[in-house]
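Report on one structure; see the data block that follows.
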Amino acid sequence: MIPAIRGTHDILPGQVERWQLVERTAHELCERYGYVEIRTPIIEREELFSKGTGETTDIVQKEMYSFTDKGGERVTLRPEATPSMVRAYVEHGLEHALPGAKLFSIGPMFRYERPQKGRYRQFHQLDVEVFGLHDPAVDAEVIDLAWSLVASLGIAQAELVMNSVGCAACRPKFQEALLAALGDDLPKLCGDCQRRAKTNPLRIYDCKVPADQPIIDRLPHSVDYLCEACATHFSAVRAHLDGWSIPWRLSHRLVRGLDYYTRTTFEILGQTLGAQNALLGGGRYDGLVKALGGPDRTGIGFAAGLERLVLALPEGAGALVAPKVFVAAIGDEARAEALRLLRELRRAGLSAHMELEARSIKAQMKRADRLSARVALIVGADELARGDVTLRDMRAGDQRSVPREGAVAAAREALAAG
Ligand code: HAM
């Protein structure tokens with residue numbers, strides 16, 4: 001046996017219904033909020049992520065599945081969707097085709113991380129992005145969509161956390177204050193933090209090393225260093241959420257692990273997930289579209305981890321399965337008629353099943369039970385002679401004859417009644 005690659009998973013029947021529920025809910029909600037679907041390749045040029053996700057991020061430094069293809073090109077299995085969405089927006093001039101573009105996409109991502117519960121090497125995201133709109137109402141709408149997704153899935157005890165990391169105008173002052181506050185403590189921090197202090201000091205807030213925490217807890221907060229424009233923006237976003245009674249908590253440490261964020265950052269945390277507790281995360285990014293060769297347009301979005309949403313779903317949640325009709329045949333002659341009936345049921349839009357290899361009637365009815373069929377239509381020599389079919393209600397256990405030509409309608413009626 002050749003096993004699956006570590007950190008990748010088959011989604012088996014029995015589990016896939018929970019995925020379908022999450023995906024269907026995501027589609028329905030995005031469409032309700034006016035977002036249109038876009039699908040981009042899972043493989044892109046490596047530089048899209050080194051420039052887009054950012055050279056100083058863990059993703060680019062440690063986690064990318066990159067290789068040289070047979071044509072000598074450096075390519076990467078996408079670790080996130082945002083740079084691809086930006087590339088497609090720029091490459092296809094979507095700012096003209098879809099002004100105020102509101103886009104969503106669902107698909108697999110790849111990060112070479114250490115697998116644990118909720119963290120995989122191939123995982124799936126719902127990614128949502130809006131381009132070209134600055135108004136705080138857009139931040140609020142995106143957060144509302146994320147909040148509604150979690151609520152619609154019945155995930156209880158989710159917590160919305162927010163922060164503002166400022167913009168190109170006010171960030172440098174905050175970074176300066178951060179480094180000044182660290183002062184003599186910097187050499188006491190872990191190696192990663194010392195590297196971060198040189199490349200991207202904000203990332204120090206991401207540190208999980210226990211010994212570093214007392215020092216990090218004393219560091220200044222980005223919201224205290226916002227310029228007027230950023231402060232006004234953030235308070236407008238918060239006012240919208242308060243107006244809609246969406247509860248949130250300010251988290252000074254929410255700087256997010258990617259390089260491109262400006263102003264609003266947010267995550268929704270799940271309570272049942274353990275260490276990997278972010279159901280989704282996102283924020284605004286003012287410079288990314290331009291940095292990737294496009295016009296100077298802002299963007300904002302989030303990505304939700306589908307594995308984590310599926311894990312956090314309430315027990316027993318799953319896609320509704322269409323009620324099934326089972327067709328059973330007794331004898332060879334009746335089998336041909338039963339197969340015709342099976343096709344008729346399917347063409348009429350019903351979910352219809354039959355044992356395609358001849359079996360005893362007992363084995364066939366056992367199979368109908370295992371499939372949880374609601375109705376069985378039985379065809380035997382007697383039925384053929386009479387021109388009818390026996391309709392059995394599998395729950396009640398009673399049965400009656402229905403005319404052969406009315407069998408499909410009778411099955412439909414019986415399903416509707418049940
Ligand atoms: P991110 O925080 O890197 O942001 O990922 C978003 C979500 O994807 C996480 O909250 C988590 O649910 C899920 N996720 C990330 N890594 C893994 C993993 N290894 N295994 C399972 N789930 C994972 C982004 O990707 C940004 N592109 C979000 C964004 C969109 N920002 C603006 N627009």
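Ligands are counted one by one from 1 in listed order, and the atoms in each one are counted from 1 as well.
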Any salt bridge between R195 and D192, counting N to O under 4.0 Å? yes
Atom of F123, atom of E307 and distance for their closest heavy-atom approach: CA-OE2, 3.3 Å
N-O pairing of E47 and R74 below 4.0 Å: no
Show the protein residues that qualify under the rule heavy atom under 4.0 Å from an atom of ligand 1, listing them in chain and number order. E80, T82, R111, E113, G118, R119, Y120, F123, Q125, D127, E129, R256, L258, Y260, Y261, A278, L279, L280, G281, G282, G283, Y285, G301, F302, A303, G305, R308
Which residues pass the salt bridge (charged side-chain N to carboxylate O under 4.0 Å, His left out) test with R340, not counting sequence neighbours? E337
Which residues share a side-chain contact (heavy atoms from CB on, under 4.5 Å) with Q271, sequence neighbours left out: Q157, E159
With Y205 via ring pair (Phe, Tyr, Trp, His ring centres under 6.0 Å) - residues at least two apart: none
